Student: 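Take a look at the following structure, please.
All of these numbers come straight from a predicted model, not from anything done at the bench. All values below come from the heavy atoms of this structure, side chains included, with hydrogens, waters and symmetry mates left out. We count ligands from 1, going down the list as the structure has it; atoms in each ligand are counted the same way.
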Amino acid sequence: MNNLENQKADNLEKSLTKANKIKLLGLSQNALAESLIKLGTHEKNVSMRVKQVWSWVYTHGEMDFREMTNLSKNFRVFLQKNFSTERPEIVKKQISKDGTRKYLLKTSNIGEFETVFIPDDDRGTVCLSSQIGCTLNCSFCHTGTQKLVRNLEPFEMVGQVLAIKDDLMDWCENSKHNKRLVSNIVIMGMGEPLYNFDHVKNGLDIIMHNEGLSLSRKKITLSTSGVVPNIHRVANEIGCLLAISLHATTDAVRNRLVPINKKWSITELMLSLKNYPKLSNSERITFEYVMLKDVNDSLDDAKRLVKLVQGIPAKINLIPFNPWPGSNFEPSSSEQIKKFSNILRKAGYSSPVRKPRGKDILAACGQLKSNSIKPKKNSLFQDPNYIIS
Ligand code: SF4
């Protein structure tokens, strides 16, 4: 074998060893405890061990078992042999002139995905992706032009936050920040989170756990295009806040903008929201409404919107459209957005106009997309170590 072939063989062996290890990130405390017991750790020590490991990983951001110095040497070797702390690695980072950061990430699984960090005076928000690509083809959304490659796994959900915290050096040791840089999460990146419910839930459980990343559930918002059968599960099983990508006030227009509407119409969606568990003024549902010139921005639309949300404690975010290469829509004018917003405000609804962030790096709402494609059956690309981009 020549040198290149030797190196390839070496890399393959390394990645196979990595693949055989249990992925630690994304495992709940119970799942980690079970794995430790199966591998021979004495039951009496397991609960303490789990807490120690979680503290290293999620409080200190330490991914090297050798550095987990309050664990015995034998236990560190045992962890090293059996577990990996694999998390997304940053392939590319772009920083907008307004400070927004867009990351292209990958793991040993197929495909690359994007995550965004949006800094503000009073908060730092991570916009997480839940899938690579999307099945839903919303016509105003750049991600919708990318076919679904796959669902992200729990270690990739929580790993997006870890990768960004690392990049920002947002760990407790870093005393130069007196506050957390990552304070809020929105699941509004690539994909429909309610079509990947279990993985999203498992990742968020760790993000919210007080021994995990310890973010309050009220600082986390999951946004769905309207997968009605799973909407109540957000309140009952996850507990974070809910946002709905509404974007239209009639079925005819919504069928065009958000085609999932053909499956679950506006009437069905609104009925489910009126019965949403734990609905209250302190936990309002956010409606996302992208403002598209001459498509959904008439004053009649604003009046219909008021009627639709009647009876639901709601906030309506108006989003100026962020064009992307090949998009067929134009943004509404600022005057039209203002008139639209006034109608909502007069009816008693908070209706802030969202300030576009990261437009110059295609990081704004609806602009995310990676070049990854789904491998064909029986192709060479079925090799999980092969990344297509
Ligand atoms: S808006 Fe959301 S659900 Fe619709 S295509 Fe884009 S990523 Fe998918």
Student: Just to verify, what does Asp167 make a salt bridge (Lys or Arg N to Asp or Glu O under 4.0 Å) with, not counting sequence neighbours?
Tutor: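 Result, salt bridge (Lys or Arg N to Asp or Glu O under 4.0 Å) vs Asp167: Lys93, Arg101.
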Student: Return a table of donor-acceptor pairs under 3.5 angstrom between the side chains of residues 252-260 and protein atoms on other chains or two or more places apart.
Tutor:
| residue | atom | partner | partner atom | Å |
| --- | --- | --- | --- | --- |
| Arg254 | NE | Leu246 | O | 2.8 |
| Arg254 | NH1 | Asn261 | OD1 | 3.0 |
| Arg254 | NH2 | Ser225 | O | 2.7 |
| Arg254 | NH2 | Ser245 | O | 2.7 |
| Asn255 | OD1 | Asn261 | ND2 | 2.8 |
| Asn255 | ND2 | Asp251 | O | 3.3 |

Student: Rounded to the nearest 0.5 Å, what's the gap from CG on Leu79 to CG on Asp64? Could you check?
Tutor: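 Here the rounded value is 11.0 Å.
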Student: Which residue and non-hydrogen atom of the protein lie closest to atom 2 (Fe) of ligand 1, and at what distance in Å?
Tutor: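 The answer is Gly191 O, 4.0 Å.
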Student: Listing residue and atom name, which protein N/O/S atoms are closer to atom 4 (Fe) of ligand 1 than 2.8 Å?
Tutor: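 The answer, once waters are left aside, is Cys138 SG.
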Student: Pick from Thr286, Thr221, Thr224: which one makes a side-chain contact (heavy atoms from CB on, under 4.5 Å) with Leu242?
Tutor: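 For Leu242, the side-chain contact (heavy atoms from CB on, under 4.5 Å) test succeeds with only one of Thr286, Thr221, Thr224, which is Thr224.
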Student: Between Leu318 and Leu344, is any pair of side-chain heavy atoms under 4.5 Å apart?
Tutor: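 A side-chain contact exists here, since the closest heavy-atom pair is under 4.5 Å.
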Student: Can you pull the ring pair (Phe, Tyr, Trp, His ring centres under 6.0 Å) pairs that have at least one residue in residues 235-264, sequence neighbours excluded?
Tutor: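 For residues 235-264, and leaving out neighbouring residues, the ring pair (Phe, Tyr, Trp, His ring centres under 6.0 Å) pairs sorted by first residue read Phe140-His247.
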